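For reference, the structure is listed below as structure tokens.
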Amino acid sequence: MSAPRFAPGDRVRILDIGKPGHVRIPWYVRHKVGVVERHCGAYPNPEELSCARPGLPAIDLYRVRLGQRDLWPDYAGAPDDTLEIEVYDHWLAPAQDDAP
Amino acid sequence: MTSDAPQGQPEGPFRGYHDIGGRPAGAVAKDEYAFADWQKLSEAMRGALEAKGRIVSLDEIRRVFESFGEDLYNTLGFYERRAEALTVLLDEKGIVPRAAVLARMEAIAAMECRQVDHVTKTVTNKPTISPPAGSAAP
């Protein structure tokens with residue numbers, strides 16, 4: 001298996017890959033920029049599993065940390081509050097100099 | 001989704017009715033409650049069917065209840081959605097006919113003088129017009 005594409009600390013943009021059917025990436029994080037918190041391992045693709053296919057090869061899964069204020073324009077909590085969500089590699093793109 | 005979308009291009013954003021994060025909603029209920037026996041049993045069955053060679057995967061169950069339609073999805077609770085989807089998948093895979101599950105539900109309800117309404121997904125007491133004299137209350 002190849003090395004994970006992202007490392008902890010990398011800035012990533014969560015994509016909307018325009019896929020119908022069962023996907024695990026909620027609407028509210030799509031197009032948002034966050035930071036990889038950790039690599040969680042590689043797992044069968046749930047979009048394939050949902051159709052009774054094997055979902056292999058396994059896909060890298062990352063925990064991505066997002067700022068609550070980046071998610072919710074009217075967020076009233078502390079400015080450094082975060083949300084972490086696990087995202088498969090094919091829903092991510094590098095976002096080095098990307099404005100959030 | 002349009003028929004003239006270029007081949008190999010994403011079709012556009014999809015948002016299922018179940019994807020409610022960020023939608024206006026009332027206060028979130030935070031009550032704790034004890035699990036019902038049927039909830040534990042149906043989850044145990046689901047787990048066994050996943051563990052034994054992935055006969056049924058949790059992601060298949062999610063795909064099925066995400067295609068129930070919004071009304072049925074919202075009618076059913078968390079474990080009810082999973083159990084209902086499981087009966088659909090077991091039927092699709094030729095493992096347990098759904099009709100057999102529904103018939104068994106009716107038989108169990110009848111033992112308790114109740115009846116199943118498969119349209120509204122509810123169990124109600126059987127209407128009793130004139131209860132026989134001396135019959136014990138349920």
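Chain naming here is simple, since letters A, B, ... match the order of the sequence lines and numbering starts at 1 in each. Just so it is clear, the structure is predicted and the values come from calculations on it, not from any experiment. Side-chain atoms are counted along with the backbone in the values below, which use heavy atoms only and exclude waters and symmetry mates.
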Within 6.0 Å of CZ in B:Arg98, more than 12 heavy atoms from elsewhere: yes
Nearest non-hydrogen partners of B:Glu60 and A:Ser50, listed with the distance: CG-O, 3.4 Å
side-chain contact (heavy atoms from CB on, under 4.5 Å) between A:Val23 and B:Glu66, intermediate numbers included: CA-CA 10 Å; A:Val23 301; B:Glu66 288 167 7; over 6 Å; no
B:Phe14 CZ to A:Ile25 CD1 distance, which is reported to the nearest 0.5 Å: 15.5 Å
CG-CZ distance between B:Asp59 and A:Arg24, expressed to the nearest 0.5 angstrom: 6.0 Å
More than 12 heavy atoms of other groups within 6.0 Å of A:Asp80 CG: yes
Hydrophobic cluster membership, B:Ile20 vs A:Leu83, 4.5 Å side-chain cutoff: no
B:Arg15 side chain vs A:Trp27 backbone, donor-acceptor pair below 3.5 Å: no
Interchain contact, B:Arg54 with chain A, by part (heavy-atom threshold 4.5 Å): side chain
When B:Gly22, B:Ser67, B:Pro13 are compared by non-hydrogen pairs under 4.5 Å with chain A, the top option: B:Pro13
B:Tyr79 with B:Val88, same ILVMFWY side-chain cluster at under 4.5 Å: no
B:Ser57 (side chain) donor-acceptor with A:Leu49 (main chain) under 3.5 angstrom: yes
Transitive ILVMFWY side-chain link B:Val101 to B:Leu86, under 4.5 Å: yes
same_hphob_cluster(B:Met105, B:Val96) at 4.5 Å side-chain heavy-atom cutoff: yes
